[in-house]
Amino acid sequence: MAAAAFLRGAAPGRGGLAWRWRLRAVLKHRLAHGLSRQGDKPAGDTAWACFPLGERALVRVRGPESAPFLLGLLTNELPFPGPADGAAPPPASAGYAHFLNVQGRTLYDVILYRVPEHPDQAPAFLLECDSSVLGALQKHLALHKIRRKVTVELCPELCVWALLPHSPGSPEEAGRAVLLQEQEGATILTRDPRTARMGWRLLAQDEGPALVSGGRLGDLQDYHRHRYLQGVPEGVHDLPPGVALPLESNLAFMNGVSFTKGCYIGQELTARTHHMGVIRKRLFPVQLLGPLPVGGIAPSTTVFTESGQAAGKYRAGQGDVGLALLHSEKIKSPLHIRTAGSGRVTLTASVPDWWPTTIK
């Protein structure tokens, strides 16, 4: 079963109940018994939380010129899977990247999935994006397509799922995600390309937990809380279009930018900032202490040091955790946010343990 055929619409004989049960059985077997290297324990020992990401949507880009087309728009190289065994198509692979505007600011953050294809099939990619900018992304792609042999279309038949270990708090437990094997059947299962702390991504129909041995349906709020604690931005709330700068948003830490590829829209500022080696502000995970306003902290609220100097701005969050764009040299100072009625909320910034040691 080639994933490309499924992703373009179920072929005859593949949409029935028997085929779905067969797919489910194959996935369960792989997730329960897959090993990443000799000596690893079975993945069935781990319970997985499966989160349906309804706020994420998929756009399919396919055609003989899809690869050069996307390369001219994205900050990163395209994901290309390794060689296949025998006549079987190679497994799907994923990558992370941003679309930028001509000023070098982020428009859309995407996870890219390379759809396996047979030699006689044109290359195809799936772009996972914030569902609120689905129409804008389509227009952006159509604007730059010109006369290229590329088809851009929605992919509503697949849902995006995030898979996290049941106890993802410790590095050891989060690292056990590598015990899963990439699925080469009709759905796409691959490691989250941003960081091992974010587990796996599954593209499937609405049967996520049923496809995972030991899987259970997770609370979406838990997914976002975990994501904020790990300092991983996602979507337009964390990365406002036309506002966020990719390197300040830690794009390089999340394997989302190539500094050796060819030209792409917005490259000049990104490359110059990288080669100058000076990034004074970054998105840091933050925790809020003390009573919070009823409506939470508004985006772009100024963060102050104890002496009253501006240290940056609060970006987005959920409850008492979130992200803030802060001056790196001020994150160890006592920080706070001023609220109505002369109140204040204490804010503590941290450096994720998966970031490069040079930043810590």
Side-chain angles (χ1 to χ4, degrees), residues 55-56 75 98-110 129-133 136-137 140 194 221 223-254 256 266 269-270 273 278-352 355 359:
E55 69 271 29
R56 305 291 285 179
T75 58
H98 285 190
F99 287 93
L100 308 182
N101 62 17
V102 292
Q103 289 80 31
R105 294 183 180 271
T106 294
L107 289 176
Y108 321 109
D109 65 306
V110 295
C129 67
D130 191 311
S131 59
S132 68
V133 297
L137 176 56
H140 183 73
R194 297 170 294 185
Q221 291 187 355
Y223 167 78
H224 288 301
R225 182 175 181 84
H226 171 77
R227 184 170 63 76
Y228 283 130
L229 288 171
Q230 297 300 326
V232 176
E234 185 177 278
V236 297
H237 296 295
D238 303 340
L239 301 167
V243 175
L245 287 168
L247 297 186
E248 289 185 352
S249 304
N250 306 315
L251 185 64
F253 297 171
M254 295 185 289
L269 177 61
T270 304
T273 303
V278 179
I279 302 174
R280 295 184 175 86
K281 295 183 292 182
R282 290 191 180 276
L283 273 183
F284 288 92
V286 294
Q287 188 142 14
L288 307 173
L289 307 174
L292 301 178
V294 176
I297 305 298
S300 299
T301 298
T302 301
V303 178
F304 296 96
T305 63
E306 189 65 27
S307 62
Q309 292 183 322
K313 292 184 180 295
Y314 183 79
R315 176 63 61 78
Q318 177 178 278
D320 63 344
V321 295
L323 298 171
L325 184 66
L326 303 172
H327 288 274
S328 299
E329 72 274 10
K330 296 180 179 179
I331 64 167
K332 295 183 179 180
S333 305
L335 302 173
H336 68 273
I337 290 174
R338 297 170 184 171
T339 59
S342 301
R344 67 167 57 187
V345 174
T346 301
L347 183 146
T348 303
S350 60
V351 177
W355 280 15
I359 306 298

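Quantities reported herein were computed from a predicted structural model and do not represent experimental measurements. FYI, side chains are in, hydrogens and waters are out, and symmetry mates aren't considered; it's all heavy atoms of this structure.
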If you take all heavy atoms of Tyr314 and Ile297, which pair is closest and at what distance?
CD2-CG2, 3.4 Å

Suppose we screen for side-chain hydrogen bond (donor to acceptor under 3.5 Å, both in side chains). Which residues come up paired with Ser328, at least two apart in sequence or across chains?
none

Apply the test side chain to side chain contact (heavy atoms under 4.5 Å, CB included) to residues Glu248 and Ile279: give CA-CA distance (whole Å), side-chain angles for both, the deciding distance (0.1 Å), then the verdict.
CA-CA 7 Å; Glu248 289 185 352; Ile279 302 174; 4.2 Å; yes

Listing request: all side chain to side chain donor-acceptor pair (under 3.5 Å) pairs with a residue in residues 288-304, at least two apart in sequence or in separate chains.
Thr302-Lys313

Answer yes or no: is there a side-chain heavy-atom contact under 4.5 Å between Asp130 and Arg56?
yes

Mind checking side chain to side chain contact (heavy atoms under 4.5 Å, CB included) for Arg338 and listing every partner two or more places apart, or none if nothing turns up?
Phe304, His336

So which heavy atom on Ala311 is nearest to which on Leu335, and how close?
CB-CD2, 3.8 Å

Using the side chain to side chain contact (heavy atoms under 4.5 Å, CB included) criterion, which residues pair with Ser249? Sequence neighbours excluded.
Leu239, Ala244, Leu283

To the closest 0.5 Å, what do you measure between SG (Cys129) and CD (Glu55)?
11.5 Å

Looking only at heavy atoms, what is the nearest atom pair of Phe99 and Leu137, with distance?
CE1-CD1, 3.7 Å

If the condition is salt bridge (charged side-chain N to carboxylate O under 4.0 Å, His left out), which residues does Arg315 pass it with, not counting sequence neighbours?
none

Roughly how far, to the nearest 0.5 Å, is the NE2 atom of His237 from the CD atom of Gln318?
11.5 Å

Residue pairs passing the salt bridge (charged side-chain N to carboxylate O under 4.0 Å, His left out) test where at least one lies in residues 293-308, sequence neighbours excluded
Glu306-Arg344

Using the ring of each side chain (for Trp, its six-membered ring), is Phe284 parallel, tilted or perpendicular to Trp355, with breaks at 30° and 60°?
tilted

Nearest non-hydrogen partners of Asn101 and Gly242, listed with the distance:
ND2-CA, 4.0 Å

Taking side chain to side chain contact (heavy atoms under 4.5 Å, CB included) as the definition, give me every residue that meets it alongside Leu269, ordered by chain and number, with sequence neighbours left out.
Leu245, Arg272, Thr273

For Leu347 and Ile337, which heavy atoms make the closest approach, and how far apart are they?
CD1-CD1, 3.6 Å

Do you know the tightest heavy-atom contact between Gly104 and Thr270?
O-OG1, 4.3 Å

With sequence neighbours left out, the residues meeting side-chain hydrogen bond (donor to acceptor under 3.5 Å, both in side chains) with Thr346 are none

Got a sec, which residues hit side-chain hydrogen bond (donor to acceptor under 3.5 Å, both in side chains) with Tyr228, two or more places apart in sequence or on another chain?
Asp238

Interatomic distance, OH@Tyr108 vs CG@Leu100, rounded to 0.5 Å, equals 11.5 Å

Rounded at 0.5 Å granularity, tell me how far CG in Leu229 sits from CZ in Arg227.
10.5 Å

Sorted by chain and residue number, the side chain to side chain contact (heavy atoms under 4.5 Å, CB included) partners of His327 (sequence neighbours excluded) come out as Lys281, Glu329, Lys330

Excluding sequence neighbours, so at least two apart, what forms side-chain hydrogen bond (donor to acceptor under 3.5 Å, both in side chains) with Gln221?
none

If we ignore hydrogens and angles and just use 3.5 Å, is the side chain of Thr75 paired with the main-chain N or O of Gly256 as donor and acceptor?
yes

List in chain and number order the residues that pass salt bridge (charged side-chain N to carboxylate O under 4.0 Å, His left out) with Arg225, two or more places apart in sequence or in another chain; answer none if no residue qualifies.
Asp320

